[in-house]
**Student:** 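Before I ask anything, let me first share the structure, which is written out below as structure tokens.
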Amino acid sequence: MLLGFITDDLMPFLCDTYNINCADSTLLGHSMGGVFSHYALFNSDKYENQPFGRYIIGSPAMFNLYSDNGDDYDSKGGETDYSYFDRHETLDKKVWLCGGSQEDPDFENQYRGHDSILTALKKMDERLEAHKADLTYKLYESHHSQYVPEMLLEYLKKEYPKN
């Protein structure tokens, strides 16, 4: 529902009102926001409006898709990129996939037998590489959120250089 609101209502309004080039805009998500950014990217084809041409998936806490009480928040979908590549051969979006190289111990007691953040990132990287996606994959020498300012600065300089 939130994704539908963003793609069908909010972003078209913002793009029209403020003359934003949606194809050149970026959705950034970190941690649980990284889970959402991953979900939004691989479900974007289901929406008429395509408000983002670029996605930053930072330290996605995919292990949170699994619940101790038996609820499953589409964990299998998360592991298979929501079957996007069953529907399409290629991905026409730019992806910046990143994390902190020292962050796995930060959440050690929360993985409960599921992939750590770094393992999930590596698996995403391998799946996207296999489909020749326009991908940047980088691990920063840091813990969970310490790298975000450095990453964002690097991203902006690379993706939106001065004219």
Side-chain angles (χ1 to χ4, degrees), residues 1-8 10-11 25-47 50-88 91-131 133-159:
M1 186 159 131
L2 177 62
L3 182 58
F5 170 72
I6 291 170
T7 59
D8 294 338
L10 179 61
M11 284 305 292
S25 64
T26 301
L27 177 65
L28 166 111
H30 176 266
S31 196
M32 283 305 292
V35 174
F36 178 75
S37 187
H38 175 263
Y39 175 85
L41 169 62
F42 291 108
N43 283 285
S44 64
D45 63 313
K46 297 177 181 176
Y47 295 90
Q50 296 294 306
F52 303 106
R54 306 164 195 243
Y55 291 78
I56 298 173
I57 302 172
S59 300
M62 302 302 279
F63 58 90
N64 281 312
L65 293 174
Y66 302 89
S67 172
D68 286 339
N69 65 8
D71 291 335
D72 182 357
Y73 301 103
D74 200 4
S75 56
K76 295 298 177 208
E79 294 172 4
T80 63
D81 301 320
Y82 301 96
S83 302
Y84 183 90
F85 293 112
D86 291 342
R87 299 185 305 271
H88 306 279
L91 179 66
D92 65 344
K93 311 288 185 182
K94 292 181 90 172
V95 181
W96 187 282
L97 188 60
C98 56
S101 64
Q102 302 169 20
E103 68 181 287
D104 269 359
D106 298 344
F107 299 97
E108 195 170 37
N109 62 342
Q110 296 177 38
Y111 297 136
R112 301 179 316 275
H114 303 292
D115 286 347
S116 70
I117 290 174
L118 294 178
T119 300
L121 278 170
K122 186 63 180 156
K123 287 180 178 180
M124 281 182 206
D125 174 54
E126 290 169 355
R127 291 191 307 267
L128 290 169
E129 285 285 337
H131 291 281
D134 189 348
L135 171 70
T136 298
Y137 175 58
K138 183 163 184 183
L139 293 180
Y140 294 84
E141 192 66 31
S142 109
H143 289 274
H144 187 60
S145 58
Q146 294 169 327
Y147 71 90
V148 174
E150 176 187 351
M151 176 275 299
L152 190 53
L153 185 60
E154 180 180 354
Y155 176 82
L156 290 171
K157 285 179 177 179
K158 180 182 180 213
E159 296 298 323

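Numbers here simply count residues along the sequence, with the first being 1.
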**Student:** Within the structure provided, determine whether I117 and D104 are in side-chain contact (heavy-atom separation under 4.5 Å).
**Tutor:** yes
**Student:** Check the side chains of Y140 and E154 for a donor-acceptor pair under 3.5 angstrom, ignoring hydrogens and angles.
**Tutor:** yes
**Student:** Can you find a heavy atom in the side chain of P60 that is under 4.5 Å from one in the side chain of L121?
**Tutor:** yes
**Student:** Nearest 0.5 angstrom please: S101 OG to K138 NZ, how far?
**Tutor:** 11.0 Å
**Student:** Nearest 0.5 Å, what's the CZ-NZ distance between F42 and K93?
**Tutor:** 11.5 Å
**Student:** With a 4.5 Å heavy-atom cut-off, do Q102 and Q146 have their side chains touching?
**Tutor:** no
**Student:** Answer yes if the side chains of H144 and S31 hold a donor-acceptor pair under 3.5 Å, and no otherwise.
**Tutor:** yes
**Student:** List the atom of Y147, the atom of S59, and the distance in Å for their closest heavy-atom pair.
**Tutor:** OH-OG, 2.7 Å
**Student:** Are more than 12 heavy atoms, taken from residues, nucleotides or ligands other than K46, located less than 6.0 Å from that residue's NZ atom?
**Tutor:** yes
**Student:** Mind checking whether L135 and E129 have side chains closer than 4.5 Å, heavy atoms only?
**Tutor:** yes
**Student:** Distance only, no hydrogens: is a donor on one side chain within 3.5 Å (strictly under) of an acceptor on the other, for Y155 and T26?
**Tutor:** yes
**Student:** Any donor-acceptor pair under 3.5 Å linking the side-chain atoms of D106 with those of H143?
**Tutor:** yes
**Student:** So, for S44 and Y55, which heavy atoms are closest and what is the spacing to 0.1 Å?
**Tutor:** CB-OH, 3.8 Å
**Student:** If you round to the nearest 0.5 Å, how far is CD of E141 from CD of E150?
**Tutor:** 10.0 Å
**Student:** Within the structure provided, determine whether K122 and L118 are in side-chain contact (heavy-atom separation under 4.5 Å).
**Tutor:** no
**Student:** Less than 4.5 Å apart, side chain to side chain, heavy atoms only: is that true for L41 and L27?
**Tutor:** no
**Student:** Would you indicate whether the side-chain heavy atoms of Y82 and H38 approach each other to under 4.5 Å?
**Tutor:** yes
**Student:** In Å and rounded to the nearest 0.5 Å, what is the CZ to CG distance from R87 to D81?
**Tutor:** 10.0 Å
**Student:** With under 30° as parallel and over 60° as perpendicular, where do the rings of F85 and H131 fit, or are they tilted in between?
**Tutor:** parallel
**Student:** Spell out, as yes or no, whether a donor-acceptor pair under 3.5 Å connects the side chain of Q110 to the backbone of F107.
**Tutor:** no
**Student:** Quick one: CD on E126 to CG on L128, what's the gap to the nearest 0.5 Å?
**Tutor:** 10.5 Å
**Student:** Quick check on E108: does its CD atom have over 12 non-hydrogen neighbours (other residues, nucleotides or ligands) under 6.0 Å away?
**Tutor:** no
**Student:** Measuring from E103:CD to S145:OG, what's the distance to the nearest 0.5 Å?
**Tutor:** 8.5 Å
**Student:** Which heavy atom of D115 sits nearest a heavy atom of Y111, and at what distance?
**Tutor:** O-CD2, 3.8 Å
**Student:** Could you tell me whether the side chain of M151 reaches within less than 4.5 Å of the side chain of I56, counting heavy atoms only?
**Tutor:** yes
